[in-house]
Amino acid sequence: MPELDFDRLRSWIQDVATSHGFGVGRLNYLFCDDPYILETNRKFLNHDYFTDIITFDYTRRDRIGGDMVISLDTVASNAEEVGDTYHRELLRVIIHGVLHLCGINDKGPGEREIMEANENAALALLDL
């Protein structure tokens, strides 16, 4: 687990949510390993595969809220696969969950590209 500047993360998440018309309520992050996220995926979503993040959405009206389970193992393997740093990939996954809470999906036709564009715009705000 890399060091994270939580004050900066809170501000960044707030800025991203605001840019999508939302305030920020309670967000909980659980960082785990691959076996844990696989079990969570099976138990709650009936999916039998590894993933980097599972987002449980508790958003109400214009205030996002939710629980996000992030596999640090998958974040590391994804970073290696795409040739990015572990830290940047972790930030991408963190904001990916926030973007889901803001109503952006990534499963339908053309949605993945929209999600990636929003992730890139959000990461640009951090000036890494």
Side-chain angles (χ1 to χ4, degrees):
M1 181 78 191
E3 282 191 35
L4 295 171
D5 180 341
F6 291 105
D7 289 333
R8 188 172 181 207
L9 281 177
R10 280 184 200 94
S11 177
W12 177 52
I13 289 168
Q14 180 67 51
D15 289 347
V16 171
T18 299
S19 74
H20 290 278
F22 289 91
V24 177
R26 183 178 299 261
L27 301 177
N28 300 299
Y29 288 89
L30 187 149
F31 298 101
C32 65
D33 59 13
D34 274 348
Y36 187 93
I37 206 159
L38 179 61
E39 182 57 31
T40 302
N41 218 0
R42 287 174 176 159
K43 182 176 181 179
F44 293 99
L45 302 175
N46 293 317
H47 296 162
D48 194 23
Y49 54 81
F50 296 104
T51 188
D52 49 5
I53 185 170
I54 299 172
T55 304
F56 297 96
D57 188 351
Y58 310 131
T59 298
R60 296 290 178 253
R61 293 187 210 110
D62 63 348
R63 193 167 194 81
I64 63 169
D67 294 332
M68 286 160 276
V69 182
I70 295 176
S71 171
L72 297 176
D73 294 338
T74 300
V75 167
S77 61
N78 287 351
E80 187 175 314
E81 186 177 310
V82 300
D84 212 342
T85 66
Y86 176 73
H87 186 254
R88 184 174 166 85
E89 182 66 10
L90 179 57
L91 293 172
R92 185 194 64 76
V93 172
I94 287 170
I95 211 62
H96 181 94
V98 170
L99 292 168
H100 272 309
L101 297 175
C102 291
I104 299 171
N105 296 311
D106 60 354
K107 301 293 184 203
E111 290 179 337
R112 181 71 219 150
E113 294 79 8
I114 293 167
M115 175 63 83
E116 286 177 4
N118 279 277
E119 290 169 355
N120 291 336
L123 287 168
L125 292 175
L126 280 177
D127 193 32
L128 296 174

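None of these values were measured; they are calculated from a predicted model.
Nearest heavy-atom pair across Gly65 and Leu101 is O-CD2, 3.5 Å. Contact between Glu89 and Ala79 at its shortest, heavy atoms only, is CB-CB, 3.7 Å. Minimum interatomic distance between Ala17 and Ile64 (heavy atoms only, all atoms of both residues): CB-CD1, 4.0 Å.
Atom CG of Leu90 and atom CG of Asn78 lie 11.5 Å apart (nearest 0.5 Å). Here Leu126 contributes atom CG and Ile95 contributes atom CD1; the two are 8.0 Å apart, rounded to the nearest 0.5 Å. Taken from CG in Leu99 to OG1 in Thr55, the straight-line distance is 9.5 Å, to the nearest 0.5 Å. One finds the CD atom of Glu113 at 12.0 Å from the CG atom of Asn118 (value rounded to the nearest 0.5 Å). If you take CG on Asp73 and CD1 on Ile37, they are separated by 9.5 Å, rounding to the nearest 0.5 Å. Between atom CD1 of residue Ile13 and atom CZ of residue Phe22 there is a gap of 15.0 Å, rounded to the nearest 0.5 Å.
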Evaluation steps, side-chain contact (heavy atoms from CB on, under 4.5 Å), between Asn105 and Ile114: CA-CA 8 Å; Asn105 296 311; Ile114 293 167; over 6 Å; no
Val93 and Met68: CA distance, side-chain angles, deciding distance, side-chain contact (heavy atoms from CB on, under 4.5 Å) verdict: CA-CA 10 Å; Val93 172; Met68 286 160 276; over 6 Å; no
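Linking Ile, Leu, Val, Met, Phe, Trp and Tyr whenever their side-chain heavy atoms come within less than 4.5 Å leaves Phe44 and Leu27 in two separate clusters. If you chain together hydrophobic residues whose side chains sit under 4.5 Å apart, Phe6 and Phe31 fall into the same group. Criterion: ILVMFWY side-chain heavy atoms under 4.5 Å apart, direct or through other members. Under it, Leu125 and Met115 are part of a common hydrophobic cluster. With hydrophobic clusters built from ILVMFWY side chains whose heavy atoms lie under 4.5 angstrom apart, Ile54 does not share a cluster with Leu72.
Formation of a donor-acceptor pair under 3.5 Å by the Ser19 side chain with backbone atoms of Val16 is found in this model. The closest donor-acceptor contact from the side chain of Ser11 to the backbone of Arg8 lies at 3.5 Å or more, if one exists at all. Side-chain N or O atoms of Arg63 include one that pairs as donor or acceptor with a backbone N or O of Val24 at under 3.5 Å.
Taking the charged nitrogens against the carboxylate oxygens, Glu116 and Arg92 have no contact shorter than 4.0 Å, which rules out a salt bridge.
The side-chain heavy atoms of Leu4 and His87, taken from C-beta on, include a pair separated by under 4.5 Å. For the pair Val98 and His20, the minimum side-chain heavy-atom distance is 4.5 Å or more. Using a 4.5 Å heavy-atom threshold, the side chains of Val75 and Ile53 count as separate. In this structure the side chain of Tyr36 reaches within 4.5 angstrom of the side chain of Val69, judged on heavy atoms. Here the side chains of Trp12 and Leu123 are in contact, with some heavy-atom distance below 4.5 Å. Looking only at side-chain heavy atoms (C-beta outward), Asn41 and Phe50 stay at 4.5 Å or farther from each other. Taking 4.5 Å as the limit, every side-chain heavy atom of Leu30 sits out of range of all side-chain heavy atoms of Asp67.
Around CD of Glu80, the count of heavy atoms belonging to other residues, nucleotides or ligands within 6.0 Å does not exceed 12.
The aromatic rings of His100 and His96 stand perpendicular to each other, their planes meeting at an angle above 60°, with 30° marking the opposite boundary.
If you run side chain to side chain donor-acceptor pair (under 3.5 Å) between Ser71 and each of Thr40, Thr51, Asp52, Asp34, only Asp34 comes through.
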